[in-house]
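Working notes for the structure below.
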Amino acid sequence: QVQLEESGGGLVQAGGSLRLSCDASGRTFSSYYTGWFRQAPGKEREFVSTINWSGSTTLYADSVKGRFTISRDNAKNTVFLQMNSLKPEDTALYYCALRRNAVPGIRTTGYDYWGQGTQVTVSS
């Protein structure tokens, strides 16, 4: 089994920055992708970014490209999401998820383990 725990959310003004962390424990195989998704009230959960085990492959949603950066520290089993130039529309509950596949995915159905989420609120 795999357990994921997100942290680092909070309230920030537009234009500010936050860094989210996803701590993984359990059977975190090297073929897994770790992704970030977000869900705003009344909206579907949407893909934000994903990274493979080595960090050599990353994907971003168009809405965050150039502002968010995903990275990982495998020694600590932690994946980060650095969020800069935040906008009010980035306000959402952010989830970390693990995908048991060596191919990257952007659909929620392609991820097998999920954390509980961390709230990000961006004020205008």
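All figures in this text were calculated on a predicted structure; none of them were measured in a lab.
Relative to the ring axis of F37, R45 does not place its NZ or CZ within 45° and under 6.0 Å from the centre.
Taking 4.5 Å as the limit, some side-chain heavy atom of S63 sits within range of a side-chain heavy atom of R38. Between W36 and V79, the closest side-chain pair of non-hydrogen atoms falls below 4.5 Å. Side-chain contact check for T118 versus S7: every heavy-atom pair is 4.5 Å or farther apart.
For the atom pair OH (Y113) and CZ (R99), the distance works out to 13.5 Å, reported to the nearest 0.5 Å. I51 CD1 to F80 CZ: the interatomic distance, rounded to the nearest 0.5 Å, is 10.5 Å. The CG atom of L20 sits 8.0 Å away from atom CZ of F68, with the distance rounded to the nearest 0.5 Å. To the nearest 0.5 angstrom, T69 atom OG1 is 4.5 Å from Y60 atom OH. The structure places CG of D23 at 9.5 Å from CG of L4, a figure rounded to the nearest 0.5 Å. The CZ atom of R72 sits 9.5 Å away from the OG1 atom of T78 when rounded to the nearest 0.5 Å.
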Report task. Please lay out, stage by stage, how N101 and Y33 fare under the test side-chain contact (heavy atoms from CB on, under 4.5 Å). Result -> CA-CA 7 Å; N101 199 305; Y33 269 80; 5.8 Å; no
Query - Derivation and outcome, side-chain contact (heavy atoms from CB on, under 4.5 Å), residues V48 and M83 - result: CA-CA 11 Å; V48 174; M83 306 187 296; over 6 Å; no
Query - Audit row: W114, C96, side-chain contact (heavy atoms from CB on, under 4.5 Å) steps and yes/no - result: CA-CA 6 Å; W114 292 83; C96 173; over 6 Å; no
Query raised in the report: Taking it one step at a time, do I106 and T50 satisfy side-chain contact (heavy atoms from CB on, under 4.5 Å)?
Result: CA-CA 8 Å; I106 64 172; T50 194; 5.6 Å; no
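Between S17 and S85, the shortest heavy-atom distance links the atoms OG-N, 4.3 Å.
Using a distance-only test at 3.5 Å, with no hydrogens or angles considered, no donor-acceptor pair links the side chain of Q39 to the main chain of A92. Not a single donor-acceptor pair under 3.5 Å links the side chain of Q82 to the backbone N or O of R19. In this structure, the side chain of S49 engages the main chain of L59 through a donor-acceptor pair within 3.5 Å. Looking only at distances, a side-chain donor or acceptor of T91 sits under 3.5 Å from a matching main-chain atom of V122. Within the 3.5 Å criterion, the main-chain N or O of N77 finds no donor-acceptor partner in the side chain of N74.
No more than 12 heavy-atom neighbours from other residues, nucleotides or ligands sit within 6.0 angstrom of CD on E5. Counting non-hydrogen atoms of other residues, nucleotides and ligands closer than 6.0 Å to NZ of K65 gives a total above 12.
Hydrophobic clustering, with ILVMFWY side chains joined whenever heavy atoms are under 4.5 angstrom apart, keeps V64 apart from F47. Side-chain heavy atoms closer than 4.5 Å link hydrophobic residues (I, L, V, M, F, W, Y) into clusters, and following such links, even through other members, never connects L93 to V12.
Between Y111 and Y95, a ring centre-to-centre spacing not shorter than 6.0 Å is recorded.
Using a 4.0 Å cut-off between a side-chain N of Lys or Arg and a carboxylate O of Asp or Glu, K87 and D90 do not qualify as a salt bridge.
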